[in-house]
Enquirer: 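First the structure, then my questions, so here it is.
Scope of the values below: all heavy atoms of this structure, side chains included, with no hydrogens, waters or symmetry mates. Below, chains carry the letters A, B, ... as their sequence lines are ordered, and counting in each starts from 1.
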Number of protein chains: 2
Amino acid sequence: MAPNTPVLRVDLASDRPVYEQIVSGLRAVLVAGEFEPGDQLPTVRQLATDLGVHHNTVAEAYRVLADEGWLDLRRGRGAVVLDRREAKPSPEAKQGFARRLEELVAKAITDGVPRSKIADHMAALAKKLGKA
Amino acid sequence: MAPNTPVLRVDLASDRPVYEQIVSGLRAVLVAGEFEPGDQLPTVRQLATDLGVHHNTVAEAYRVLADEGWLDLRRGRGAVVLDRREAKPSPEAKQGFARRLEELVAKAITDGVPRSKIADHMAALAKKLGKA
DNA sequence: TCTATTGTACATGTACAGTATACAAGTGGC
DNA sequence: GCCACTTGTATACTGTACATGTACAATAGA
């Protein structure tokens, strides 16, 4: 493996905001359990250098994740991964997820991804979630 | 049902651009097959009034869908749904879909949606895609 | 205590989203 | 054919968000 494993990657050319890419990407990594509670995340300056952006951009992303309860963020200390087992109920979150999922699939179909591939991906992910 | 069935709905308070919400929402409707080729979509002014936005905002959304091949757009005539069966292959589209899907699921989990619900939704959608 | 490290606050440049307004291109009745 | 009307388009303008530059505050460690 490469000397320093990149935590994630961003597309500077994308129309999607970089800080939002960092939030989404890191959140996926955290949900996947690739970090244990107590683990240190790269400092805002370290990750910023890796990604080629300004450290304030990374800081903004870390702040969002901290608000969501994923990180403990303090100056001088860095970003520490939290436990976050509390599953707070969300009324319209389910509905929102369903709609976003439909929209994502519609986009993929428009982009020419075969429906069978899409179905396979989702079935596989659903299976993984079920046994977790 | 209400006298006029709303084609879709947007959240003006969302940080997500309205025109992008219109694109995603309409694309999902089109993929779902709720319109036949040749059907008329609401005029940009009509839909704009329904949604409470400016007609130029709707026009921008229609233009994106027209570029994707979903609509035939001409002044004086309105927006007509096209056939669009051609499935153009996309190399990185599959990979992009997979990543976006993971991120969407991570967001849902963060929002407190039970993993079982997420898995059920995806399994159901996958099944529907498979038999289509 | 002193210094380096780390996150934060604020101001600035730039690009994009949404709107107001005027225009061009079709449609349909006469 | 003419003319009013409808529909999408183009341009200018305003507010806001993204990303950055720079300085600051708080913590860690020697």
Enquirer: Regarding B:Tyr62, tell me which of base, sugar-phosphate or nothing describes its non-hydrogen contacts under 4.0 Å with the strands shown.
Expert: nothing
Enquirer: Hey, is the side chain of B:Arg77 poking within less than 4.0 Å of OP1 or OP2 on C:dT27, counting only N and O atoms?
Expert: yes
Enquirer: Let me know, please, whether A:Glu20 or B:Gly76 comes out on the 5' side of the other along DNA chain D by nearest nucleotide.
Expert: B:Gly76
Enquirer: Grab the CZ-C1' distance between B:Arg75 and D:dT9 for me, whole Å please.
Expert: 5 Å
Enquirer: Tell me: CG of B:Asp15 to C1' of C:dG18, nearest whole Å?
Expert: 15 Å
Enquirer: Mind calculating the distance between CG (B:Asp72) and P (D:dG8) to the nearest angstrom?
Expert: 11 Å
Enquirer: So, is B:Arg63 near the phosphate of D:dT9, with a side-chain N or O under 4.0 Å from OP1 or OP2?
Expert: yes
Enquirer: Within the structure, does a side-chain N or O atom of A:Thr57 lie under 4.0 Å from either OP1 or OP2 of D:dT20?
Expert: yes
Enquirer: Please evaluate the base of D:dT22 for a donor-acceptor partner in the side chain of A:His54 within a cut-off of under 3.5 Å?
Expert: no
Enquirer: Between A:Arg63 and A:Asp67, is there a side-chain N and carboxylate O pair less than 4.0 Å apart?
Expert: no
Enquirer: Side chain of B:Glu68, backbone of A:Thr110: donor and acceptor closer than 3.5 Å?
Expert: no
Enquirer: Looking for any heavy atom pair under 4.0 Å, which part of the strands does B:Arg45 touch: base, sugar-phosphate only, or nothing?
Expert: base
Enquirer: Specify the separation, in whole Å, of atom CG of B:Leu51 and atom P of C:dA17.
Expert: 17 Å
Enquirer: Can you tell me the distance, in whole Å, between the CD atom of B:Glu60 and the C1' atom of C:dT19?
Expert: 13 Å
Enquirer: Between the side chain of B:Arg84 and the main-chain N/O of B:Pro37, is any donor-acceptor distance below 3.5 Å?
Expert: no
Enquirer: Would you find more than 12 non-hydrogen atoms of other residues, nucleotides or ligands less than 6.0 Å from B:Gln40 atom CD?
Expert: yes
Enquirer: Without decimals, in angstroms, what is the distance between B:Arg16 CZ and D:dA17 C1'?
Expert: 17 Å
